[in-house]
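What follows is a set of notes on a single structure, which appears directly below.
Because the structure is a prediction, the values reported are computed rather than measured.
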Amino acid sequence: MGKKTKFLWFILPPAGLVALLIWYLKRHTVAVLQPHGMIAQKEQHLFLFGLALSAIVVLPVYVMTVAIAWNYRENNHKPKAYTPDWDGSRLFEGIWWGVPIAIITVLSVVTWQSSHTLDPYRPLNASAQPLTIQVVALDWRWLFIYPEQHVASLNLLEVPVDRPLNFQITSDSVMNSFWIPSLGGQIYAMPGMGTELHLTAKQPGDYHGSSANISGRGFADMDFTARAVSAKQFQQWTEDASEQESLTQSAYDKLARPNTDHRSKSFGQPEAGLFANIIVKYMGPRQEQEL
């Protein structure tokens with residue numbers, strides 16, 4: 001086997017993996033790499049920046065690993081010169097200490113800034129009035145309550161395009177996680193407390209939403225559709241939903257039972273204080289008095 005043939009065995013496997021990855025990305029939708037919201041775009045930029053910064057260390061390590069294995073293989077009759085005194089070189093010491101320190105410093109600054117700018121509790125800077133949506137994680141479905149529009153929906157999140165979305169999130173069961181990859185990162189839904197998440201959809205379309213936390217036998221199919229539409233279409237949807245069955249406390253109690261029926265459904269007139277009641281029922285007597 002010639003030298004060129006042997007060398008190809010080192011090059012072809014990684015080249016094949018890269019080609020396979022490119023082929024897959026062209027034919028499949030990877031939500032986190034195809035953002036459709038302001039927060040998701042910022043998170044994508046942060047992800048790609050971290051990936052590029054990591055490549056400064058990772059790529060040379062892999063290249064040197066292959067080069068060293070090739071040059072100092074057993075059957076190499078003309079090995080490279082053996083220079084064991086590199087550990088005392090100020091140049092190389094500066095490289096393998098200085099580069100990681102510089103990378104960690106840059107990552108520290110970026111992490112500090114992004115932790116504040118991408119804080120899920122931080123409202124978005126926008127001129128439009130935010131839309132408040134109360135999210136309840138059930139076993140194993142999602143309930144969305146629109147307190148200002150006096151409607152609710154099951155497994156369907158209807159939102160207007162280019163309007164800030166203020167999510168108030170809780171769980172009426174075990175801890176869960178609310179996630180719409182195309183619009184932004186996930187945040188936990190926990191019984192007895194409310195968390196917040198601020199997102200926005202920049203383009204009309206149907207986006208996949210799911211649970212990012214294992215929560216039981218129905219977890220794998222605990223998905224929902226996040227549908228971004230025009231303001232006019234959203235208004236029409238709320239009017240249609242208001243004519244549906246009212247979401248009374250008794251109707252909600254039926255919904256809250258463990259169920260793997262993932263069909264979407266709309267409700268009109270959610271009972272006043274329903275979201276707060278879901279949170280309070282997991283609190284102790286002292287916490288209830290404080291509320």
Side-chain ([X]) to main-chain ([Y]) donor-acceptor, under 3.5 angstrom:
X      : Y      : result
Gln168 : Gly194 : no
His150 : Gly268 : no
Asp119 : Ser115 : no
Ser211 : Asn176 : no

Would you be so kind as to tabulate the donor-acceptor pairs closer than 3.5 Å made by side chains of residues 123-139, with sequence neighbours excluded?
from: Asp139; atom 1: OD1; to: Ser173; atom 2: OG; distance (Å): 3.1
from: Asp139; atom 1: OD2; to: Ser173; atom 2: OG; distance (Å): 2.5

side-chain contact (heavy atoms from CB on, under 4.5 Å) between Val110 and Leu46, worked out: CA-CA 8 Å; Val110 172; Leu46 186 63; 3.3 Å; yes
Heavy-atom side-chain contact between [X] and [Y] under 4.5 Å:
X      : Y      : value
Ile169 : Glu196 : no
Leu274 : Tyr252 : yes
Phe178 : Tyr188 : no
Asn155 : Lys265 : no
Leu183 : Val159 : no
Asn259 : Arg257 : no
Leu247 : Gln269 : no
Trp237 : Ser266 : yes

side-chain contact (heavy atoms from CB on, under 4.5 Å) evaluation trace for Met190 with Tyr282: CA-CA 10 Å; Met190 291 173 280; Tyr282 289 96; over 6 Å; no
[X] to [Y] - nearest heavy-atom pair and separation:
X      : Y      : value
Val174 : Ser215 : CG2-CB, 3.7 Å
Gly37  : Lys202 : CA-CG, 3.8 Å
Ile95  : Pro100 : O-CD, 3.7 Å
Val151 : Ser242 : CG1-N, 3.6 Å
Glu245 : Ala251 : OE2-CB, 3.9 Å
Gln44  : Gln34  : NE2-N, 4.4 Å

Going hydrophobic residue to hydrophobic residue with side-chain gaps under 4.5 angstrom, can you get from [X] over to [Y]?
X      : Y      : value
Tyr121 : Met38  : yes
Val106 : Ile104 : no
Phe167 : Val161 : no
Val58  : Leu17  : no
Val63  : Ile103 : no

Drop me the distance from [X]'s [atom1] to [Y]'s [atom2], to the nearest 0.5 angstrom.
X      : Y      : atom1 : atom2 : result
Ser171 : Ile278 : OG    : CD1   : 9.5 Å
Ser108 : Gln113 : OG    : CD    : 11.0 Å
Met193 : Thr195 : CE    : OG1   : 6.0 Å
Leu107 : Ser114 : CG    : OG    : 9.5 Å
Ser177 : Ile214 : OG    : CD1   : 11.5 Å
Met175 : Thr170 : CE    : OG1   : 12.5 Å

Listed once per pair and sorted, the ring-ring contact (aromatic ring centres under 6.0 Å, His included) pairs that draw on residues 198-219, sequence neighbours left out: His36-Tyr207
Verdict with supporting geometry, Leu118 and Lys42, side-chain contact (heavy atoms from CB on, under 4.5 Å): CA-CA 8 Å; Leu118 296 177; Lys42 292 181 179 180; 3.7 Å; yes
Flag if over 12 foreign heavy atoms under 6.0 Å of CH2, Trp140: yes
With Phe267, the side-chain contact (heavy atoms from CB on, under 4.5 Å) member among Ile145, Thr248, Leu255: Leu255
Phe144 and Phe224: CA distance, side-chain angles, deciding distance, ring-ring contact (aromatic ring centres under 6.0 Å, His included) verdict: CA-CA 10 Å; Phe144 304 101; Phe224 64 92; 5.2 Å; yes
From CA spacing to verdict: side-chain contact (heavy atoms from CB on, under 4.5 Å), Asp253, Gln249: CA-CA 6 Å; Asp253 292 338; Gln249 184 64 53; 3.0 Å; yes
Between Ser230 and Gln233, a side-chain donor and acceptor under 3.5 Å: yes
